[in-house]
Amino acid sequence: MTVRLPDGSQRVLPAGATAGDLAAAIGRRLAADAVAADLDGQLVDLATVLHDGAEVAIVTAASDAGRHVLRHSTAHVLAQAVTSLWPGAKYAIGPAIEGGFYYDFELPGGVRFTDDDLARIEDEMRRIIAQDQRFVREEHSIDEGLALFADQPYKCEIIRGLSGPAGAGLGAEAAGDMAVGATSVSVYRNGEQFVDLCLGPHVPATGRLGHFALQRVAGAYWRGDEKRPQLQRIYGTAWESEAALAEHLEHLEEAEKRDHRRLGAELDLFSFPGEIGSGLAIFHPRGGTVRRVMEDYSRKRHEAGGYQFVYTPHITKEDLLDTSGHLVTFAEGMYPPMELDDGQRYYLKPMNCPFHILVFRSRQRSYRELPLRLFELGTVYRYEKSGVVHGLSRVRGMTQDDAHIFCAGDQVAAELSEVLGFVLDVLRDFGLDQFYLELSTRPEGKAFGSDEEWAQATEALEAAAAEHHLDLVIDEGGGAFYGPKISVQVTDAIGRHWQVSTIQLDFQLPQRFGLEYVGADNARHRPVMVHRALFGSVERFLAILLEHYAGALPTWLAPVQAVVLPVRDDHGTYAAGVADRLRRAGLRVELEVADEPLGARIRKRKLEKVPYVLVVGDDDVAAGTVGVNRRGGGDPERGVLLEELVASMSAEGIR
RNA sequence: GCCUGGGUAGCUCAGUGGUAGAGCAGCGCACUCGUAAUGCGCAGGCCGUGGGUUCAAUCCCCACCCCAGGCUCCA
C-alpha cells in the first residue's frame with residue numbers, strides 16, 4: 001500500500017503496516033521520538049494499522065499534539081498508581097489540559113489525599129514507567145464496558161452518557177476524550193490490573209513517559225456541579241524532556257514573581273489586614289499614589305470624552321434595589337442589610353447603575369441632552385464567596401470607573417463605536433495594546449427586550465468591533481438577560497488574558513424605572529442605557545498593570561519616579577537642589593542621604609524598580625550635571641545636564 | 001460555600017509536649033564611598049483568635065478568623 005506524508009511524498013509499505021512501522025521506515029530517530037500519529041486528520045496510536053492512500057503524519061513528543069498525548073498517558077499512569085496504592089479507589093476523568101493534566105479520584109472510606117501523598121504517588125508512577133508497560137487498546141460493546149467498570153461508578157456514568165442521547169450530561173472536557181453517541185467503547189489496558197475508559201491515543205508504552213511532576217491536590221465537583229460529590233483532583237505536568245519540564249517550572253516561578261500580591265507587599269503598595277476582613281484592601285502611600293495617578297488620568301480623559309461627573313452614596317434603602325431588580329437578581333452577591341430601628345433596611349451598594357438612573361430621572365430630559373454620559377469612580381461592595389477572593393483582582397470592596405450612557409435608540413450604534421474607541425484608546429495609554437473582543441449574545445430562555453431589539457443591538461456591537469479591526473469571539477448565549485454585552489480581553493506581557501472593560505446594553509432598567517425623554521416630536525420616548533466600565537475596577541486594573549509590567553510601572557505611573565543619591569555627604573546640598581528642581585517640574589522624587597555605600601543604595605532602589613536612579617558627585621556639582629541610571633538600561637549615563645534631564649523626564653513622566 | 005495546604009519577629013522561613021531561632025529589613029555607632037549587598041552592636045514574638053486535653057500547649061484536639069492553590073462563581 002501507499003501512504004502520503006505531510007511533505008507530499010509517498011511511501012510504499014507492506015500490507016498491515018502500522019503507523020509505528022511507518023515511523024521506523026522513515027528513520028530511527030523519528031521512531032524514537034514518535035508518540036502517536038495523525039491518520040487522515042485524526043490522532044491515533046502508533047499501533048494503528050494504516051490503509052492504502054492514507055494521509056499520515058508522525059506526531060513527536062515535542063509538539064502540541066505530542067505533549068497532549070504524553071500528558072494524557074501520564075494521567076493514566078497517575079490513575080494506575082493511585083488505584084495500586086489505594087485499592088478500591090474510584091477514578092473519574094483525567095484529561096490533558098493546557099500545560100499539564102489532572103485526574104479526579106474518590107478514595108475508599110472518604111480518605112483524602114494530602115500533599116505528602118504526592119511524593120508516594122510519584123514514586124509509584126516512576127515504578128510503572130520503569131516497567132515500560134504497553135498501552136493496549138481494546139474495543140468493547142456498551143454492555144461489556146459497563147461490566148468491565150462494574151466497580152467504577154463514574155466510568156459507568158460516562159458510558160451511559162455515551163450510549164444515551166448525544167452528549168447527555170457530559171462535561172466538555174470529558175466529551176473531548178470520548179466518542180459520543182457510540183455503540184461501543186474503547187479502553188486502554190496497561191499492566192495486568194489497570195484499565196481505563198479512553199478514546200486515546202496513547203504512547204505505545206509507559207517507558208515513553210517520565211518527565212513529569214505532580215503539582216497539587218484540589219477538590220473538584222464531579223462534572224463541575226456543586227450539588228454532586230466532590231472528588232479529589234491531582235494536578236500534574238508532563239513534558240517531552242527534562243529540559244522542557246525544567247523550563248516550564250521556571251516559567252511558573254516567573255509568573256509567581258509577577259504576582260501582584262507579592263509585588264504589592266514588596267513595593268509597599270497595599271495590604272489586606274485581617275482585621276478588616278477578606279477581600280478588603282488598604283492602599284499605602286505608594287500604592288495610593290499609583291492609584292491616584294490612574295484615577296486622575298481617567299478623570300481627565302473622561303472629561304475630554306464628554307462625560308459628566310456624578311457622585312452617589314454608598315448605601316441605599318431597599319426600595320431602590322427593589323425597583324432595579326437587584327434584590328432578586330443579585331441577592332447572593334450583596335452584603336446582608338442593615339436594619340434600622342424603624343424597620344427600614346439599608347444595603348451597601350453592589351452596583352452604581354440604579355443611582356445613576358436617579359440622576360437621569362431627577363428632572364425631565366430632552367433629546368438635546370442625549371447621549372447623556374454619566375461617570376463616577378463609584379465604590380461598591382459585593383459579598384463574594386470566601387473561596388474566590390484573590391488579591392486585588394477579586395475583592396469585596398472595589399471602585400469601578402463606571403459610566404452609564406443614556407441615548408436614543410437611533411444613537412446606539414454610533415455611541416457604541418464611540419465608546420469602544422474611547423476605551424481602547426485609554427487602555428493603550430496604559431500600555432495594554434493587545435486585545436480581542438468577546439460578544440455575549442442573547443441567552444436562551446427568557447430575556448428582556450424583543451428579538452428585534454436584541455438582533456439590532458447585537459449587530460451594532462458587531463459593527464463597532466469590526467470598525468476597530470479587532471478579533472471578535474462570540475460567546476453564544478452568554479449575555480445577561482437584560483442586554484447583549486461586549487467585553488475587551490487584554491493579553492498581557494506574558495501572554496495571559498484578562499477581561500477588563502465591558503460595554504453592556506440594557507433594555508430592562510429604563511423600563512423598570514420608567515425612564516423617558518422628550519423627543520423632537522414632542523413625544524415621550526424611552527432611552528436605551530449603555531453600562532460601561534473601562535478599568536473594570538481600579539483595584540483589578542492595578543493588579544493587571546502590576547503583573548503586566550512585573551512591578552516596573554512606566555514612569556508616569558511609578559510611585560517614585562526618581563531618587564537622588566549624593567555620592568558623599570558633602571554632595572547633599574547639590575543633591576537636594578536637583579531633587580527640588582525635579583519636584584518643581586511636577587515629578588515625584590526622593591532624596592537619600594549618603595549613610596551607606598553607593599552600591600548598596602543603588603541596589604536597594606533598583607529593587608524598588610525606581611525608573612530613574614540619579615547619582616551626583618564632585619563632577620556634577622562642578623558642572624551642574626547628574627549621573628543618570630535608567631531602569632532597565634545598561635551603563636549609567638554620566639554628565640547629563642540637569643535641565644536636559646528635567647525636560648526628558650517631564651515628557652516621559654507627566655500625563 | 002466546598003477540598004487540600006498554611007498562619008512562629010516588619011518580610012522569608014527553621015524549630016520543639018517543659019513557654020523560641022536564622023537571614024534580610026529596622027534602630028544605634030563607626031565608615032563618606034562614582035553605579036546592584038561596609039563593619040560592629042542593639043532591639044524586636046500572647047508562635048492567627050477562642051475553647052479543650054494535660055502537671056505543663058507555639059506543638060495534640062475542636063471551633064472561628066485570615067492566606068494560598070483548586071472547584072463553583074465572577075470585575
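In what follows, chains are A, B, ... by sequence order, proteins preceding strands, each numbered from 1. Atoms considered below: every heavy atom in the structure, side chains included; atoms not considered: hydrogens, waters and symmetry mates.
Comparing the C1' positions of B/rC74 and B/rA20 gives a spacing of 44 Å, expressed to the nearest Å. Between B/rU54 and B/rG45, the two P atoms lie 32 Å apart (nearest whole Å). When the P atom is compared between B/rA57 and B/rG52, the two are found 11 Å apart, to the nearest whole Å. Nucleotides B/rU4 and B/rG10 have their P atoms positioned 31 Å apart, rounded to a whole Å. Taking atom C1' on both nucleotides, B/rU19 is separated from B/rG28 by 30 Å, rounded to a whole Å. Atom P of B/rG18 sits at a distance of 15 Å from the matching atom of B/rC47, rounded to the whole Å. Comparing the P positions of B/rG15 and B/rC59 gives an interatomic distance of 16 Å, to the nearest angstrom. Comparing B/rU32 with B/rG39, their P atoms are spaced 15 Å from each other, to the whole Å.
Contact of A/Tyr221 with B/rG70 (side chain to base): no donor-acceptor pair of N or O atoms is detected under 3.5 Å. Between the side chain of A/Glu384 and the base of B/rA75, at least one donor-acceptor pair of N or O atoms lies under 3.5 Å. Side chain A/Asp620 to base B/rG34: a donor-acceptor pair is found below 3.5 Å. On a pure distance criterion of 3.5 Å, no polar donor-acceptor pair joins the side chain of A/Gln232 and the base of B/rC3.
Side-chain atoms of A/Asp401 come within 3.5 Å of backbone N or O of A/Leu534 as a donor-acceptor pair. Within the 3.5 Å criterion, the main-chain N or O of A/Tyr347 finds no donor-acceptor partner in the side chain of A/Lys349.
The distance from atom OG of A/Ser271 to atom CG of A/Leu280, rounded to the nearest 0.5 Å, is 11.5 Å. With rounding to the nearest 0.5 Å, the separation of OG1 in A/Thr237 from CZ in A/Phe212 is 11.0 Å. Put simply, CZ on A/Arg291 and CG on A/Asp296 are 11.5 Å apart, with the number rounded to the nearest 0.5 Å.
Residue A/Phe113 contributes atom CZ, which lies 17 Å from atom C1' of B/rC2 at whole-angstrom precision. Following rounding to the nearest Å, A/Asp104 (CG) and B/rC3 (P) show an atom-to-atom distance of 16 Å. Atoms CD1 (A/Ile234) and P (B/rG5) sit 12 Å apart, rounded to a whole Å. For the pair A/Gln489 CD and B/rA75 P, the computed distance is 10 Å after rounding to whole Å. The NE2 atom of A/His390 sits 8 Å away from the P atom of B/rG70 (whole-angstrom rounding). Taking atom CZ on A/Arg262 and atom P on B/rC11, their separation rounds to 14 Å, with Å as the unit. The distance between atom NZ of A/Lys604 and atom P of B/rU35, rounded to the nearest whole Å, is 18 Å. When rounded to the nearest whole Å, the span between CZ of A/Arg233 and C1' of B/rC2 equals 13 Å.
In this structure, of B/rU32, B/rG1, B/rU35, it is B/rU35 that holds the atom nearest to the side chain of A/Ile602.
Across all strands, A/Asp595 comes closer than 4.0 Å to base atoms (heavy-atom distances). A/Arg394 comes within 4.0 angstrom of a base, heavy atoms only.
Contact record, A/Val388 with A/Arg394: O-CG, 3.2 Å, taken as the closest heavy-atom pair.
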State the dot-bracket string of RNA chain B. Criteria: Watson-Crick or G-U wobble, both atom distances under 3.5 angstrom; notation: ( ) intrastrand, [ ] crossing earlier pairs, | interstrand, . unpaired. (((((((..((((....[..)))).(((((.......))))).....(((((..]....))))))))))))....
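Dashed line: the shortest gap from a side-chain N or O of A/Arg603 to OP1 or OP2 of B/rU35 is not under 4.0 Å. Within the 4.0 Å cut-off from OP1 or OP2 of B/rA75, not a single side-chain nitrogen or oxygen of A/Thr502 is found.
Nearest-nucleotide positions on RNA chain B for A/His571 and A/Arg216 put A/His571 closer to the 5' end.
Around atom CG of A/Asp595, more than 12 heavy atoms belonging to other residues, nucleotides or ligands sit under 6.0 Å away.
A/Glu547 and A/Trp498 share no donor-acceptor pair across their side chains, judged by distance under 3.5 Å alone.
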